[in-house]
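Remarks on the structure that follows.
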Amino acid sequence: MTVALQDRFFRELPEMAVRWQAEAPAELTLLAFNEALAAELGLDADWLRNADGLRFLVGDLVPSTAVPVAQAYAGHQFGGFVPRLGDGRALLLGELVDAGGGLRDIHLKGSGPTPFARGGDGLAAVGPMLREYIVSEAMHALSVPTTRSLAVVGTGRPVLREAELPGAVLTRVASSHLRVGSFQYAASAGDIELLRRLADHAIARHHPSAAQAERPYLALFEGVVAAQASLIARWMLIGFVHGVMNTDNMTISGETIDYGPCAFMEAYDPDTVFSSIDFWGRYAYGNQPLVAGWNLARFAETLLPLLAEDVEEAVALAEASFGVFQREYDAVWSSGMRAKLGLPADIEARDCTALADELLALLKDSHVDYTSFFRHLGRAARGDAEPARGLFIDLAGFDAWLSRWQGLRPDADVMGRANPVYIPRNHLVEEALAAATAGELGPVERLLAAVTAPFDERPGLDRYASPAPEDFGKYQTFCGT
């Protein structure tokens, strides 16, 4: 099979990429494969499973039309600016026109060191690559914009971390890999024409209506702000904690990218942090909307030369446009929370928000599992309130709230469509990854089967709907995994 990959990014922005080649693997083994996504991309699943297909999936068999590159970008990491980051262990193989006519990046992770590797080995272990596969596909099933995972291929090459681990490459698919950090890289170079070409590329790829606006670059900014506001609201609605919201991990498309120290919150608490290096809680669950705003302010700074010749005018334009964030975030969060609570459309938004805020305070005080609570609440909408009531320490407080909520005639069917039964619970993810590292893929396959159909309650999957056992302890994840 011939895969028709384009090299649009490299042709249009050669200053922001380095031609590079993936390392040749030792022995290839297909560990996870997304057949539905392959069909979406117009790729032959049978070919991808054979020897040549596996070589394509790890960048060892490159189509003649493709120019693999490591992309350059900068970024604020935990608030500190690093002017040169880039794809240290990743390659953009090229862009593919999918079955629907859309343009998608085919991208590798763990394919060996590049000029941006900063002393790292450029490799990845089986566990972390399968983590990204599991969580990104779960996010897609939850209707959260995200990069996708096409495959994880074992390389037969050991990777040295705290111990020797089996190596793997993730084949990732995205509408693009343009980031706020991409614009920071171009802006820090002081090349206004490069910045303008990058902005034009982003407009053509993600926000084409901005090209017709009176101020195209201001419209680009507003489009990115709106996309990110919607994304973060969706994270908050499902209890997702990204864990490393650096500016190089914020896309221009509004897709979730990079699943390193990510996890799903269990007991509701806005201060929830999973990352082992987030000592001050900068990227805690409850801080995510604020951090997104901070990151977007850095994006605005890069665009100032394109917004107006006068700096004060450019700043004023960006500040005025930033109001889009709160409006879009509130609209998406309110709509989503209304569905989670099953509230009718004629309930005022402020009343819905007040009811939700009171509920979240009760959940926090009683350390209630966020995901399973809303499923229990759905049962309460059908007349069985005891499973939900049994979760609360302050029973009188919850009963008062429950009475007001029931008086609004919540729709249990709406709630069932909005509240997942299954998410990638942290203990199950770790269990599956440990098994896969030891060569047993069954737990990964069973977990994927649950979380990629998250709203369909099925017999025999009770453990996939339950919080971690008490002996699981405090959960930590690690950057660079």
Side-chain angles (χ1 to χ4, degrees), residues 8-9 12-13 16-17 69-77 85-87 90-92 95-96 98 102-109 132 135-137 139-140 142-150 170 172-187 195 198-208 210 217 219-236 240-262 283 288-289 291-303 324-325 328-329 332:
R8 185 176 302 190
F9 180 86
E12 295 184 6
L13 299 160
M16 299 192 62
V69 297
Q71 293 178 303
Y73 49 83
H76 277 88
Q77 299 195 313
L85 291 169
D87 287 332
L91 286 180
L92 173 64
E95 301 94 358
L96 176 71
D98 65 23
L103 198 64
R104 313 278 282 275
D105 278 6
I106 307 297
H107 191 263
L108 307 181
K109 193 170 180 179
E132 178 151 344
V135 181
S136 64
E137 289 308 301
M139 294 284 273
H140 175 71
L142 290 165
S143 299
V144 178
T146 180
T147 59
R148 302 286 305 280
S149 295
L150 178 59
L170 171 76
R172 183 163 68 188
V173 177
S175 60
S176 89
H177 284 77
L178 297 178
R179 315 154 187 260
V180 169
S182 305
F183 281 80
Q184 291 181 297
Y185 183 87
L195 183 64
L198 175 60
D200 290 342
H201 181 90
I203 287 171
R205 188 123 185 212
H206 298 299
H207 303 280
Y217 304 119
L220 169 64
F221 175 64
E222 291 175 353
V224 175
V225 169
Q228 282 293 333
S230 174
L231 177 67
I232 304 304
R234 292 171 188 272
W235 288 0
M236 301 300 285
F240 176 73
V241 185
H242 185 279
V244 61
M245 289 180 65
N246 297 329
T247 56
D248 54 294
N249 287 336
M250 175 172 272
T251 60
I252 301 307
S253 64
E255 291 178 332
T256 312
I257 192 170
D258 281 352
Y259 291 92
C262 68
Y283 298 144
Q288 291 180 135
V291 173
W294 191 90
N295 288 350
L296 290 165
R298 307 290 75 76
F299 179 49
E301 290 168 356
T302 71
L303 293 176
V324 169
F325 185 89
E328 184 67 16
Y329 179 89
V332 174

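- Distance check: M245 CE to Q288 CD gives 5.5 Å after rounding to the nearest 0.5 Å.
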Notebook entry, point to check: Would S149 and E132 satisfy side chain to side chain contact (heavy atoms under 4.5 Å, CB included), going step by step from the backbone distance to the final call?
Noted result: CA-CA 7 Å; S149 295; E132 178 151 344; 4.2 Å; yes

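- Here the side chains of D87 and H177 are not in contact, with every heavy-atom distance at 4.5 Å or above.
- When every heavy atom of Y329 is checked against every heavy atom of P289, the shortest pair comes out as OH-CG, 3.5 Å.
- Taking both residues in full, the closest heavy atoms of A202 and F183 are given as CB-CZ, 3.9 Å, listed atom of the first, atom of the second, then distance.
- Of all heavy-atom pairs between L195 and A187, the closest is CD1-N, 4.3 Å.
- Expressed to the nearest 0.5 Å, how far CD of E95 lies from CZ of R205 amounts to 5.0 Å.
- Between Y217 atom OH and D200 atom CG the span is 3.5 Å, to the nearest 0.5 Å.
- With contacts defined as side-chain heavy-atom distances shorter than 4.5 Å, the pair V291/H242 does not qualify.
- Taking every heavy atom of both residues into account, E255 and L231 meet most closely at C-CD2, 4.0 Å.
- Contact of the F299 side chain with the T247 side chain is not registered, since no non-hydrogen atoms from C-beta on lie closer than 4.5 Å.
- Between H201 and E12 the shortest heavy-atom distance is ND1-OE1, 2.6 Å.
- For the pair R172 and D258, the salt-bridge criterion is met [side-chain N within less than 4.0 Å of a carboxylate O].
- No donor-acceptor pair under 3.5 Å is formed between the side chain of N295 and the backbone N or O of V180.
- At least one side-chain heavy atom of V173 sits under 4.5 Å from a side-chain heavy atom of I106.
- Using a 4.5 Å cut-off on side-chain heavy atoms (C-beta onward), I252 and S176 make no contact.
- Remark: N246 pairs with Y283 by the side-chain hydrogen bond (donor to acceptor under 3.5 Å, both in side chains) rule, at least two apart or across chains.
- Under the side-chain hydrogen bond (donor to acceptor under 3.5 Å, both in side chains) test applied with Y259, the options T146, T147, N249 reduce to a single match, T146.
- Qualifying side-chain hydrogen bond (donor to acceptor under 3.5 Å, both in side chains) partners for R148, counting only residues two or more places apart in sequence or in other chains: E137, H140.
- Minimum interatomic distance between S253 and S175 (heavy atoms only, all atoms of both residues): CB-OG, 3.3 Å.
- Side chains of T256 and F240 form a contact here, defined as non-hydrogen atoms less than 4.5 Å apart.
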With a 3.5 Å cut-off and sequence neighbours excluded, list the donor-acceptor pairs that the side chains of residues 219-230 form with protein atoms.
| from | atom 1 | to | atom 2 | distance (Å) |
| --- | --- | --- | --- | --- |
| E222 | OE2 | S321 | OG | 2.7 |
| Q228 | NE2 | T251 | O | 2.9 |
| S230 | OG | R234 | NE | 3.4 |

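- Residues L178 and F9 have side chains in contact (heavy-atom distance under 4.5 Å, counting atoms from C-beta outward).
- The side-chain heavy atoms of L296 and M250, taken from C-beta on, include a pair separated by under 4.5 Å.
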